[in-house]
Each structure stands twice: as C-alpha cells, then as structure tokens.
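Counting starts at 1 for both ligands and their atoms, in listed order.
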Amino acid sequence: MKTILVTGGTGYIGSHTVVELQSKGYEVIIADNLANSSADVVDRIEKITGIRPVFIKADLSKEQEAAAIFDTHHIDGIINFAAYKAVGESCEKPIEYYQNNLQIALNMLANMKRMGIQYFVQSSSCTVYGEPKHNPINEDCPTMPATSPYGNTKQMVEEILHFVTKSGDIKAIALRYFNPIGAHHTALIGELPNGIPNNLIPYITQTAAGLRQQLTVFGNDYPTPDGTCIRDYIHVVDLAKAHVVAMDRCFENRNKSNLEYFNIGTGNGFSVLDIIRSFEKVSGVKLNYCFGKRREGDVVQIWADTTLAEKELGWKAELSLDQMTLSAWHWQQQLQ
Ligand code: NAD
Ligand code: WQD
C-alpha cells in the first residue's frame, strides 16, 4: 500500500482528497499547521471513511519541521495543498505569501530529493491563464503575468517544477483547478472561510443563512450573455478524485513527461446569475442580492478545455451545478 503525504490536508480541498485517497486504499499522512483549518477535520474524515489518517501539526515552511516528517515516516508520494490562498490578502502581505507558498514547495522538493521520493502533485490554478483570449482554454495556452502575489506563487511553483523535474528524479503533475465549490455529501467537511468571505459561494450561503445582509454581484455590464462574469465551477469531490487518478498515474508509471499540467474543471461556464438561480432552486431560499461595481482584477470569463484530463487521466467531472450548490447549502446549514 502506498503512503501519501498530503500537505494542507485539513484544509478545504485537502480534506476531501484525503477521503478519496483513503477510499481507494491509499494510506495518508496529513501535515498542516492549522493556519486555515482545524484539527477536528481529522475526526470528521475518520467519521466518513472509518480510517483515521496520521496527522502531524507542522509548519512546512520551516526547514526543520518539514525535514522531521521525512525522517520519521515512510512516504511514497506528496500532494501539496499547503499554501495561503487569499488573493486580496496576498496584495497586502506579499512577502508572507512568497515566503510561505514557495518555501513549502521547496522544502517538500528538497526532502523528496534527499529521500528518493519520486512523485509530486501540485495544487495549481486557472489563475495562471489570466484573461483568456478564447474559451474553453487548454493547457497549451500561454500563461499570463500574474495579477496578484498569490497567483504569482502558483506560477512560480510551476516554474520551479519545470527545472526541478528536468533530471527525472522527481516527476510532477500540476493540476490547474478552476473554481472549486460545494462540500462532501455528509456535510462533515467543507469550506471554512475566515471572516467575511471573498468567494462567491460562501458569500451566497452565508447571506441565505442570515449571516450577511446582501450579496453584491460584482458587475452586470460585462460582455457576457447576462452581463455577469463566467467561471468553470467544479464540485470539490470531483476535484478530489482528480488527485487520486493523478497519483495512480504516477505509481503506474504512465506519466508522459517529467512535468505534466492538467486543467481540472467541468468544461462548462456559468455566470454569477446562473449560480444564484441554481442556489435559489435547490435551497428554496430567495437570495437578497444587488448589482454593484466590477471587482478589480476579475477576469471576464474563463472555462476549461478538459480533453487532456479525460484522455490522459481518464477523469471527468460528474457532479452537476445543482449538486454543487445544494451540498454547499447543506454544509452551511450544519455550521450553525
Ligand atoms: P485551505 O486554506 O482550506 O487549505 C490550505 C491548508 O494549508 C490549510 O489547512 C492551512 O492551514 C495549510 N497551510 C498553510 N500554510 C501552511 C504551512 N506553512 N504549513 C502547513 N500547513 C499550511 O485552501 P484550499 O482551498 O483547500 O486550497 C488548497 C490548495 O489549492 C492551495 O494551494 C490553493 O492555492 C489551491 N487552489 C485553491 C483554489 C480554491 O478556490 N480553493 C483554487 C485553485 C487552487
Ligand atoms: C467568482 C465570481 C466574482 C463574490 C478566486 C481566485 C482564484 C481561485 C479561486 C485559487 C466572480 C463574483 C464573487 C461576491 C460576486 N483560487 N462574485 N460577488 O475570483 O473566480 O477566483 O478563487 O487559485 O485565484 O481569484 O472566484 O468565488 O471570488 O468569484 O459577484 O461577493 O463571483 O466577481 O465573477 P474567482 P470568486
């Protein structure tokens, strides 16, 4: 049985991935400093799968804390979720974002080299594409200059991997997520935003739950069919499964190059108003929203060409938009 170190494994996407890894027979070690998650996620994972993952509280940006994990545990592969991820905050604290996100990745890679661990899956993002010239966008489209330090860290880790994987000692897969939303169907794990949410779905569910007064739709004068921005929203459980098949690909030696990139989305674009309509339908709650100014830095529209992931990983998103918004609502309801 292979053992995967899941950095950031108590976080939103990490916790869902741990569940899917365990259900496919992988052993999991979670390493997280709980900067943006809580330790009870480990209990919740155990409740879902019946298996308790090993949990190590460690700041992976610190060389010694990272190395200690490798000195004391056998590891066959790494999935690297650990990072700071708030776009706005990254503009206020760029140095902290570079220090944290880059140092974590470097520490993981240095220890892989030291211990002879071959396989690395990196959380990347569609943010590397900027504003696409056409949609759907595929992996061959050039990346664009980042618009935030956060986005820049995602690009920089991809660039680091480009050179680190050259010798072939380490093989890496960068999964470029589009917009992950939703929660596990048990409502035992989900997204826990800190303070006022920046992202659409938690803002919607918190407004519906009465925690926020009103959702502001950022702009309705975009050149899209209903004037609001379009994104490729993907259910976090589908996204989690993509990590399992990426890890399988590595252990079955199916990687076609030392560094591969895959878009992980559904291939469908939905507008902000589509999301609101889906949420209102599945929840039966009338959402209080208004139209406001455009948000600086928002791309107008982006959705994924997922042909490569389908062909190479044998992976395709299965869950519908209504399943995404309903699971997000169930998660919000159990939080109260
Ligand atoms: P999250 O904040 O829920 O999870 C990240 C986890 O990393 C947290 O549990 C946090 O405590 C941990 N962490 C941060 N710094 C650490 C450190 N120094 N040492 C140990 N642990 C540390 O975020 P998420 O939404 O689950 O995102 C996971 C990954 O996916 C991130 O790399 C993020 O950039 C990437 N990503 C997220 C999205 C999204 O919309 N959620 C989209 C694209 C890419
Ligand atoms: C979605 C749509 C908003 C809030 C961000 C990061 C990106 C990525 C995922 C990591 C947009 C609109 C939102 C609100 C709104 N993560 N909106 N009112 O901006 O596509 O992506 O998270 O790599 O890097 O930038 O996601 O959920 O913030 O916004 O109208 O209160 O909802 O304008 O069109 P985004 P989002």
Side-chain angles (χ1 to χ4, degrees), residues 6-17 30-39 41 56-62 65-66 69 79-88 90 96-97 99-101 103-105 107-108 122-130 146-148 150-151 153-154 157 174-181 189-194 196-204 206-207 212 214-220 222 224 228-234 236 239-240 243 264-265 270-276 289-302:
V6 181
T7 79
T10 44
Y12 173 45
I13 306 169
S15 57
H16 289 81
T17 302
I30 294 175
D32 200 302
N33 66 351
L34 306 178
N36 196 36
S37 55
S38 80
V41 169
I56 301 166
K57 184 166 185 270
D59 182 341
L60 301 172
S61 70
K62 302 262 166 29
E65 289 188 42
I69 298 171
I79 305 181
N80 186 36
F81 293 105
Y84 294 154
K85 64 159 182 179
V87 175
S90 78
E96 284 87 336
Y97 269 67
Q99 277 176 332
N100 196 56
N101 296 3
Q103 203 56 58
I104 291 170
N107 285 340
M108 292 305 107
Q122 167 66 12
S123 287
S124 195
S125 169
C126 68
T127 190
V128 300
Y129 295 122
T147 54
S148 71
Y150 165 72
T153 66
K154 293 283 126 182
V157 173
L175 299 180
R176 291 173 172 168
Y177 317 156
F178 281 65
N179 285 55
I181 61 170
I189 51 175
E191 188 175 9
L192 267 182
N194 242 335
I196 302 172
N198 296 307
N199 298 114
L200 179 62
I201 284 290
Y203 211 105
I204 287 178
Q206 291 194 10
T207 304
R212 313 270 154 224
Q214 189 177 48
L215 169 80
T216 302
V217 175
F218 297 140
N220 63 342
Y222 283 103
T224 59
T228 67
C229 292
I230 294 176
R231 298 286 183 275
D232 186 337
Y233 296 91
I234 173 164
V236 66
L239 172 60
H243 295 80
I264 305 295
F270 287 107
S271 72
V272 177
L273 290 178
D274 290 332
I275 303 298
I276 293 174
Y289 69 91
C290 64
F291 293 110
K293 285 197 309 233
R294 293 181 176 194
R295 180 172 69 178
E296 207 190 312
D298 266 340
V299 305
V300 180
Q301 50 189 342
I302 182 165

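Protein heavy atom closest to atom 1 (C) of ligand 2, with residue, atom name and distance, is Tyr233 OH, 3.3 Å. Protein heavy atom nearest atom 11 (O) of ligand 1, with residue, atom name and distance: Asp32 OD1, 2.6 Å. What sits closest to atom 12 (C) of ligand 2 on the protein, heavy atoms only, is Val272 CG2, 3.8 Å. Of all protein heavy atoms, the one closest to atom 25 (O) of ligand 2 is Val87 CG2, 3.4 Å. With respect to atom 11 (C) of ligand 2, the closest heavy atom belonging to the protein is Arg231 NH2, 3.7 Å. With respect to atom 10 (C) of ligand 2, the closest heavy atom belonging to the protein is Tyr150 OH, 2.9 Å. Protein heavy atom in closest approach to atom 40 (O) of ligand 1: Pro180 CD, 3.3 Å. In terms of protein heavy-atom proximity, atom 29 (O) of ligand 2 is nearest to Arg295 NH2, 3.4 Å. Looking only at heavy atoms of the protein, atom 17 (C) of ligand 1 is closest to Asn33 ND2, 3.3 Å.
At a heavy-atom cutoff of 4.0 Å, ligand 1 is contacted by no atom of Thr127, backbone or side chain. Counting heavy atoms under 4.0 Å from ligand 2, residue Phe270 does not touch it at all.
Considering backbone and side-chain atoms alike, Phe81 places an N or O below 3.5 Å from some N or O of ligand 1. Checking only distances, Asn199 does come within under 3.5 Å of ligand 2, N or O to N or O. Considering backbone and side-chain atoms together, Ser125 places no N or O closer than 3.5 Å to any N or O of ligand 1. For ligand 1, the polar-atom distance check against Ile13 finds a nitrogen or oxygen pair separated by under 3.5 Å. For the pair Leu60 and ligand 1, the shortest N or O to N or O distance falls below 3.5 Å. The N/O atoms of Phe218, backbone and side chain alike, include one that comes under 3.5 Å of an N/O atom in ligand 2. Taking distance alone, with nitrogen or oxygen atoms compared against 3.5 Å, Leu200 approaches ligand 2 more closely than that limit. Considering backbone and side-chain atoms alike, Asn80 places every N or O at 3.5 Å or more from each N or O of ligand 1. Here's the thing with Ala31: none of its N/O atoms is less than 3.5 angstrom from an N/O atom of ligand 1. Taking only nitrogen or oxygen atoms, main chain and side chain alike, Tyr177 does not reach within less than 3.5 Å of ligand 1.
Of all the atoms in ligand 2, the ones that sit under 4.0 Å from a non-hydrogen atom of Cys229 are 34 (O). Interface of Thr127 with ligand 2, defined as ligand atoms under 4.0 Å from a residue heavy atom, comprises 24 (O). Of all the atoms in ligand 2, the ones that sit under 4.0 Å from a non-hydrogen atom of Asn198 are 4 (C), 28 (O). Each of the following atoms of ligand 1 lies closer than 4.0 Å to a heavy atom of Leu34: 11 (O). In summary, the atoms of ligand 1 found under 4.0 Å from a heavy atom of Ile104, numbered by their order in the structure, are 15 (N), 16 (C), 17 (C), 18 (N). Under a 4.0 Å criterion applied to the non-hydrogen atoms of Asp298, ligand 2 contributes the atoms 3 (C), 19 (O), 33 (O). Less than 4.0 angstrom separates some heavy atom of Leu215 from each of these atoms of ligand 2: 14 (C), 18 (N), 31 (O). Taking every heavy atom of Ser124 and a limit of under 4.0 angstrom, the matching atoms of ligand 1 come to 43 (C), 44 (C).
Qualifying ring-ring contact (aromatic ring centres under 6.0 Å, His included) partners for Tyr222, counting only residues two or more places apart in sequence or in other chains: none. Partners of Phe270 according to the ring-ring contact (aromatic ring centres under 6.0 Å, His included) rule, which considers only residues two or more places apart in sequence or in another chain, do not exist here.
Here the closest non-hydrogen pair linking Ile189 and Val41 is CG2-CG1, 4.3 Å. Taking all atoms of both residues into account, the shortest heavy-atom contact from Ser61 to Ile104 is N-CG1, 3.8 Å. Between Tyr129 and Arg176, the closest heavy-atom pair is OH-NH1, 2.9 Å. Closest approach of Ala58 and Ile69 over heavy atoms only: CB-CD1, 4.0 Å.
Residue nearest to atom 35 (C) of ligand 1, selected from Gly151, Ser123, Gly9, Pro193: Ser123 (by heavy-atom distance). The heavy atom nearest to atom 35 (P) of ligand 2, considering only Asn179, Ile181, Thr216, is found in Asn179.
For atom 7 (C) of ligand 2, the nearest protein heavy atom lies 4.0 Å away or farther.
When ring centroids are compared, His16 and Phe81 stay outside the 6.0 Å threshold.
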